[in-house]
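Atoms considered below: every heavy atom in the structure, side chains included; atoms not considered: hydrogens, waters and symmetry mates. A quick note: this is a predicted structure, and the numbers were derived from the prediction, not measured.
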Amino acid sequence: MSLPYAQDERAATDPRPAFDGRMPTAPGDLRVEAHGIAPVPEDRRYGGPGRLFTVWFAPNLTMTGVFTGTVGIALGLDFATALTAVVLGTLVGAAPTAYLGTWGSQTGAGQLPLARLAFGRGVVLPGTLQWLSSIAWDALIGLFGGEALAQLCGWPFWLGVLVMMAAQGALGVLGYEVIHRLQTVMTFVLAAAFAVLATKLLDGVHPAATGTAHGADRAGAFVLTCTIALSLALSWAPYASDFSRYLPRTTSRPRMFWCTLLGISVSFVAVQTLGLWGASVFTDQTAHGIDALLGGGVLGAFGLLAVALAALCSNAMNDYSGSLALQTMGVRLPRPAAAALAAALGFPLVLWMHAADTTARFQNVLLLVGYWIPGFVAIVAVDWTVRARARDGSPVDLAAESSRPQPGWPALTAFAAAFAAAVPFMSTGLYVGPVAKALHGADLAYGVAFLAALAVYAPLRLRRR
């Protein structure tokens with residue numbers, strides 16, 4: 001399997017190796033980015049930390065987040081309690097993404113390629129999970145985007161989804177700079193659109209002042225709401241440095257951290273608050289339902305367009321990071337082609353989700369595609385910390401670090417142990433673990449997986465130091 005940090009013999013004789021290729025040269029360079037998982041050289045870096053706010057803000061302003069926000073009220077919480085759970089879960093989930101994102105400017109590498117330092121050849125496992133997760137998110141968000149586009153244009157559902165997937169795939173093919181530029185523009189467009197939608201949708205609507213859940217059931221509902229919000233924010237963690245790898249090494253890491261944290265947190269809390277406030281009217285969680293709530297006409301069309309654009313922004317990032325994950329698995333497919341493949345595979349999954357109870361599948365997909373992420377974060381963070389202490393303050397030399405690879409078995413052992421430890425604590429519509437049942441539906445699996453990975457991997461990694 002080819003290393004992402006150095007050209008192997010096959011790549012050295014290939015004038016256009018799959019992992020390398022054309023890179024954007026400056027802000028506004030909107031030509032196709034052919035560059036794959038090979039690190040970005042320092043003399044090709046550009047941009048500032050401020051663009052991390054917009055790239056992480058716009059893609060979260062989706063109806064998926066709004067409808068997810070209704071879950072807290074559906075579980076029997078009052079508005080204030082559910083909002084507290086959403087804010088807490090979002091901040092906890094966004095912090096790892098913000099931290100991992102600071103690695104991009106130090107290394108010029110994406111998140112899954114960097115995971116090879118800890119996982120070695122075993123990186124194929126998290127790489128596969130990340131690739132599949134990006135397709136799952138394509139379907140979850142593309143469900144609303146495609147439906148909104150079909151409703152807006154009077155098309156059948158499948159055609160709306162097909163056009164949506166083609167558009168997001170094209171953005172994923174164009175790559176890093178196009179996505180950054182799109183998110184900068186859409187931050188202002190979608191923020192204004194959702195403000196208008198919120199004003200109209202919530203006119204005369206009052207939030208739930210009291211909840212139906214009490215005692216232990218209320219505590220369980222609070223934890224589950226917090227976990228769902230956490231899963232939304234944490235789902236970006238395996239993407240984190242993909243969108244900071246072109247930033248110069250000299251970029252302020254604290255500013256990178258805070259721009260990312262605020263971008264994710266403000267956007268997710270905003271859309272979920274809208275869902276919490278309007279849970280009583282968001283009963284038809286479809287594009288048709290949104291159109292009806294807005295009264296149809298021009299305002300209804302405006303709302304449908306905003307929903308479609310929001311889905312486009314989010315899924316373009318899914319396809320881009322999915323392309324890097326596929327290459328990390330060792331598939332020597334050019335990055336643009338890999339991005340197009342991710343979009344194509346999302347199409348049948350959208351059709352499957354559309355054929356059944358959308359509300360139930362929200363919670364199931366959101367949780368199930370993310371249970372592997374806490375263990376992954378713990379493992380790569382421990383490995384990074386050990387390497388940083390060994391460098392004793394010197395800058396990261398990725399070529400030197402990759403020359404000291406770790407065997408894959410410690411990371412894979414911890415990864416498997418983390419998931420196994422989490423199973424009894426899971427709470428989804430498909431499976432509720434025995435501990436979650438005893439805790440009245442509270443889902444503690446994310447925290448348990450993170451702590452289990454730390455407990456298993458840290459001693460193994462320190463022993464091999």
Between side-chain atoms of residues 82-95 and protein atoms elsewhere (two or more places apart, or another chain), which donor-acceptor pairs fall under 3.5 Å?
from : atom 1 : to  : atom 2 : distance (Å)
T84  : OG1    : A80 : O      : 2.9
T90  : OG1    : V86 : O      : 2.7

Got a sec, which pairs hit side-chain hydrogen bond (donor to acceptor under 3.5 Å, both in side chains) with one end in residues 262-277, sequence neighbours left out? N60-S267
Got a sec, which residues hit salt bridge (charged side-chain N to carboxylate O under 4.0 Å, His left out) with [X], two or more places apart in sequence or on another chain?
X: D383; answer: R387, R461
X: R253; answer: none
X: R255; answer: none

With sequence neighbours excluded, residues passing ring-ring contact (aromatic ring centres under 6.0 Å, His included) with Y239: W236
Who pairs with Y99 by ring-ring contact (aromatic ring centres under 6.0 Å, His included), at least two apart in sequence or on another chain? W103
So how far is it from F19 CZ to I37 CD1, rounded to the nearest 0.5 Å? 4.5 Å
Report yes if the side chains of T199 and D203 come closer than 4.5 Å at any heavy-atom pair, otherwise no. no
Measure the shortest side-chain to side-chain distance between P238 and L112 over non-hydrogen atoms and say whether it is less than 4.5 angstrom. yes
Could you go through residues 292-316 and list every donor-acceptor pair under 3.5 Å that involves a side-chain atom there, pairing it with any protein atom two or more places apart or in another chain?
from : atom 1 : to   : atom 2 : distance (Å)
S314 : OG     : P59  : O      : 3.3
N315 : OD1    : N318 : ND2    : 2.9
N315 : ND2    : D138 : O      : 3.1
N315 : ND2    : Q168 : OE1    : 2.9

Do any pairs count as a ring pair (Phe, Tyr, Trp, His ring centres under 6.0 Å) and have a residue in residues 187-207, sequence neighbours left out, and if so which ones? none
Backbone N/O of T187 and side chain of T54: donor-acceptor pair under 3.5 Å: no
Main-chain N/O of Q111 paired with S241 side-chain donor or acceptor, under 3.5 Å: yes
Angle between ring planes, F419 versus Y371, binned at 30° and 60°: parallel, tilted or perpendicular? perpendicular
Can you say whether the rings of H180 and Y176 are parallel (under 30°), tilted (30 to 60°) or perpendicular (over 60°)? tilted
Hits for side chain to side chain donor-acceptor pair (under 3.5 Å) against D78, two or more places apart or cross-chain, chain-then-number order -> T81, R218
Side chain to side chain donor-acceptor pair (under 3.5 Å) partners for T62, two or more places apart: none
Do any side-chain atoms of residues 44-52 form donor-acceptor pairs under 3.5 angstrom with protein atoms, and if so which ones, sequence neighbours left out?
from : atom 1 : to   : atom 2 : distance (Å)
R45  : NE     : V40  : O      : 2.9
R45  : NH1    : S105 : O      : 2.9
R45  : NH1    : L247 : O      : 3.0
R45  : NH2    : V40  : O      : 3.4
Y46  : OH     : E177 : OE1    : 2.5
R51  : NH1    : E177 : OE1    : 3.1
R51  : NH2    : E177 : OE2    : 3.2

